[in-house]
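What follows is one structure encoded as structure tokens, with my remarks underneath.
So that the names make sense, note that chain A is the first sequence line, chain B the second, and so on, each numbered from 1.
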Protein chains: 2
Amino acid sequence: MDHSDGAGSGPSRPVTIYDVAREAGVATSTASRALSNPGRVSERTRAHVEEVARRLGYRPNRIAQALPSGRTRMLGLVVPDIANPHNARLIRGAEAQAAAAGYTLVIADSQEQPELEAAHVERLAPFVDGFVLSSRVDDAGLHGLRDRRPVVLFNRTLPELPSVCVDFDDSGRQVVEHLTSLGHRTVAYLRGPATSWADATRRAALAAHCRRHGVALTLLGPFPPTLEAGAAAADAALATDATAVIAFNDLLAIGVLQRLEHRGVAVPGALSVVGGDDIFGATFCRPPLTTLASPADQAGRTLVDMLNGRIDATEVVLPAPLVARDSTGPRRS
Amino acid sequence: MDHSDGAGSGPSRPVTIYDVAREAGVATSTASRALSNPGRVSERTRAHVEEVARRLGYRPNRIAQALPSGRTRMLGLVVPDIANPHNARLIRGAEAQAAAAGYTLVIADSQEQPELEAAHVERLAPFVDGFVLSSRVDDAGLHGLRDRRPVVLFNRTLPELPSVCVDFDDSGRQVVEHLTSLGHRTVAYLRGPATSWADATRRAALAAHCRRHGVALTLLGPFPPTLEAGAAAADAALATDATAVIAFNDLLAIGVLQRLEHRGVAVPGALSVVGGDDIFGATFCRPPLTTLASPADQAGRTLVDMLNGRIDATEVVLPAPLVARDSTGPRRS
DNA sequence: TTGAAAGCGCTAACAG
DNA sequence: CTGTTAGCGCTTTCAA
């Protein structure tokens with residue numbers, strides 16, 4: 001099928017606003033106003049220009065629009081691991097809200113590497129109006145970026161930067177109380193990446209609540225937050241006298257579960273295991289994982305709203321209720 | 001034109017190539033050449049301009065660069081479900097190869113909705129030099145897009161469009177032979193989305209191989225390719241006399257496994273289950289899932305190479321070997 | 001209400 | 001090898 005308009009004369013160039021203006025018999029500025037700034041032009045003209053534009057199949061060149069204004073109506077979202085279902089929820093939430101506001105969300109995966117994250121941000125920056133970051137970059141790097149583009153942070157706080165975080169303190173309390181109610185007095189925390197603000201915060205909250213409840217807390221790691229790292233993490237935990245372990249996230253926790261099964265350690269009989277974000281898999285691993293229901297989708301929506309200035313709060317904290325499944329149980333006697 | 005910088009008055013505008021040229025005492029075109037077209041300028045000048053650019057902190061305005069050339073060095077990748085770990089592998093592969101070629105990959109999630117996919121493509125098109133699509137859009141829609149931007153397809157073929165597909169025929173053969181070798185003679189296929197080319201192709205391959213081996217094949221569905229849909233799919237399968245079921249993908253297969261356990265149906269004792277893409281979760285669901293090792297990461301790399309013209313093959317077919325785990329076993333007697 | 005014209009920052013002819 | 005200049009397509013003053 002031939003969609004060209006100039007009777008078979010070469011590949012037809014895209015229709016510009018000049019074509020529309022000429023065809024409609026008005027100035028380009030009038031055409032521009034009619035199309036994108038209705039109200040500053042007579043109704044008759046507007047309708048006419050619009051009709052012509054439609055007839056010609058005119059599509060504004062977004063790049064050209066962006067050049068003078070500097071605005072592209074695109075938002076960047078960088079996650080540390082796109083294979084982690086937890087981030088999929090963040091993405092879904094952010095994307096829905098971005099679309100609702102007429103923005104396009106572009107997603108990038110930093111694979112837990114701060115350098116890769118920085119590279120992505122560097123590349124995307126010229127094309128986006130702002131960033132949602134689930135970041136592994138250090139504070140200085142984040143501050144540097146802020147001068148270029150507006151930034152909002154997921155699960156991380158930094159002075160001057162808006163953020164949405166899980167309530168690590170309260171969820172830490174829930175976990176510790178859950179474990180103490182089951183009789184546990186010796187607990188190990190399996191750390192996530194050293195560059196993770198969430199890990200540091202979670203760890204601190206856990207430490208505080210353990211102290212308050214007279215629970216001994218052992219810190220193990222850091223470990224990569226992956227299924228594979230679960231083996232080493234499980235072995236490390238078994239080398240302590242902990243009767244329960246809390247993992248940085250579900251990926252690590254499920255990996256731990258696999259290793260424990262492999263080593264013949266009963267869960268929760270011999271060891272209780274707690275995860276961190278209630279991902280896909282937490283319901284069907286063996287045993288189903290006790291974890292925290294991280295509200296990543298809502299976080300995504302809220303972050304985009306903040307970036308667009310539709311919410312002017314600067315530090316939003318979202319609850320992450322404990323979901324008790326079968327990987328935790330009474331302390332072995 | 002006023003390109004002055006006005007010594008310290010107000011928020012410093014970004015430094016442009018004009019600033020660099022003036023500071024270096026050369027023409028803008030010389031500065032441009034020195035920076036982006038080395039070789040057509042004297043070594044001395046090049047070095048000098050580069051030094052000045054660095055000192056001033058010059059960063060080319062990508063939007064401005066893209067306006068005349070129409071090229072942004074960005075590639076779009078749209079997947080039907082970003083929460084499906086299978087797609088995460090596709091993304092990883094594509095991203096790595098894009099980065100290696102100096103491209104930025106922007107990712108979008110169509111949530112299995114053709115309309116949403118079309119909307120994403122529409123929005124991204126002005127900003128990307130081409131698309132990798134794991135598409136649910138119909139053939140006509142795809143052809144329309146092709147006139148706008150280069151497109152390559154994952155797990156779908158269409159005349160005139162380059163594609164990378166899993167070898168559905170051979171993987172179908174492997175599955176059928178695996179099941180017949182276990183004594184199965186009555187098999188059900190749990191369909192995926194009606195808009196999925198992969199589903200249609202897989203189904204056809206399965207049908208052909210079943211016929212060849214004298215196996216009765218029942219088609220059930222279509223079902224959404226989700227964990228949740230697994231319940232209905234399992235129930236439908238149990239209502240037939242099939243002794244083995246093949247699911248469109250692992251998400252659905254794992255959902256089936258959950259439902260079967262819930263209903264007290266032994267796997268593989270009473271029913272064997274086969275998945276489709278070997279995702280995260282396939283190793284630790286109960287029982288571990290027999291499935292096909294879909295080479296999504298390699299597909300991602302190859303697709304990007306095709307888009308960049310680094311590979312000029314037009315239809316690449318990748319093998320997806322059967323991975324036999326514990327969800328398949330001898331037919332119940 | 002409409003038109004003319006000046007840029008947005010960069011690249012690419014075309015001269016010199 | 002380097003400088004001058006004309007756009008890329010659009011928005012936006014500034015006049016009329």
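In this entry the distance linking CG of B/Asn61 with P of D/dC8 reads 18 Å, nearest Å. In this structure, CZ of A/Arg71 is placed 15 Å from C1' of D/dC10, rounded to the nearest angstrom. Rounded to an integer number of Å, the gap from A/Arg33 CZ to C/dT2 C1' is 6 Å. In this structure, the CD1 atom of B/Ile17 is 14 Å from the C1' atom of C/dC8, given to the nearest Å. The CZ atom of A/Arg62 sits 17 Å away from the C1' atom of C/dC8 (whole-angstrom rounding). The distance from atom CZ of A/Phe127 to atom P of C/dC10 is 13 Å, rounded to the nearest whole Å. Going from atom CG of B/Leu35 over to atom P of C/dG9 covers 16 Å, rounded to whole Å. Straight-line distance from the CZ atom of B/Arg22 to the P atom of C/dC10: 12 Å, rounded to whole Å.
Across all strands, A/Thr16 comes closer than 4.0 Å only to sugar-phosphate atoms, never to a base (heavy-atom distances).
Rounded to the nearest 0.5 Å, atoms CZ (B/Arg62) and CG (A/Leu124) are 12.0 Å apart. In this structure, the separation between CG on A/Leu77 and CG on A/Leu105 is 5.0 Å, given to the nearest 0.5 Å.
Looking at which nucleotide of DNA chain D each of B/Ser69 and B/Ala27 is closest to, the 5′-most match is held by B/Ala27. Comparing A/Thr45 and A/Tyr18 along DNA chain C, the residue whose closest nucleotide (by nearest heavy atom) sits nearer the 5' end is A/Thr45.
Between B/Thr28 and D/dT4 there is no side-chain polar atom (N or O) within less than 4.0 angstrom of OP1 or OP2. Note on A/Thr30: a side-chain N or O is less than 4.0 Å away from OP1 or OP2 of C/dG3. When the side-chain nitrogen and oxygen atoms of A/Ser29 are compared with OP1 and OP2 of C/dG3, none of them lie within a distance under 4.0 Å. One finds no side-chain N or O of A/Gln65 lying less than 4.0 angstrom from the OP1 or OP2 phosphate oxygen of D/dG9. Checking the phosphate oxygens (OP1, OP2) of D/dT2, a side-chain nitrogen or oxygen of B/Ser42 falls inside 4.0 Å.
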Practice task
Before giving the answer on side-chain contact (heavy atoms from CB on, under 4.5 Å), spell out for A/Gln111 and B/Arg92 the whole-Å C-alpha distance, their side-chain angles and the decisive distance to 0.1 Å.
Solution key: CA-CA 9 Å; A/Gln111 302 183 48; B/Arg92 285 273 167 89; 3.3 Å; yes
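With D/dT11, C/dC10, D/dC8 as the choices, the nucleotide that has an atom nearest any side-chain atom of A/Pro68 turns out to be D/dT11.
You'll find the side chain of B/Leu133 reaches within 4.5 Å of the side chain of B/Leu145, heavy atoms only.
We find that A/Arg136 and A/Asp199 are not joined by a salt bridge, their nearest charged nitrogen and carboxylate oxygen being 4.0 Å or further apart.
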